[in-house]
Amino acid sequence: MTFILNITDIIDNLFINNELDINSLDVTILPDNVIPSDEKITVGRVSIYREEQQL
């Protein structure tokens, strides 16, 4: 599965408030529903990239 999330507003607010440290950006992944405790879930990769803005 692949999910794409737009975090532009979050990153902009951190930058504006001088709170953006890209080297120690915390990412938390939370499920929308209850996952049984015996279910094995793994996250293979989390990537953050900046796309050039179109003017």
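As a basis for the values below, the full set of heavy atoms in this structure was taken, side chains included, without hydrogen atoms, waters or symmetry mates.
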Applying a strict under-4.5 Å side-chain criterion to I, L, V, M, F, W and Y, I'd like to know whether [X] and [Y] cluster together.
| X | Y | answer |
| --- | --- | --- |
| I16 | L20 | no |
| V43 | L25 | yes |
| I7 | V46 | yes |
| I29 | V34 | no |
| V27 | I10 | yes |

Legend entry - D32 atom CG, neighbour heavy-atom count above 12 within 6.0 Å: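 No - once you tally the heavy atoms of other residues, nucleotides and ligands closer than 6.0 Å, there are 12 at most.
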Legend entry - Flag if over 12 foreign heavy atoms under 6.0 Å of CG, N18: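 No, the 6.0 Å shell around CG holds no more than 12 heavy atoms from other groups.
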Inset, instruction - Working to the nearest 0.5 Å, report the span between CZ of R45 and OG1 of T2. - result: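 R45 atom CZ to T2 atom OG1 measures 10.0 Å (nearest 0.5 Å).
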Legend entry - Point-to-point distance, once rounded to the nearest 0.5 Å, from CG of N6 to CD1 of I11: 10.0 Å
Legend entry - Check: E19 main-chain N/O paired with N17 side-chain donor or acceptor under 3.5 Å: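 It does not hold such a pair.
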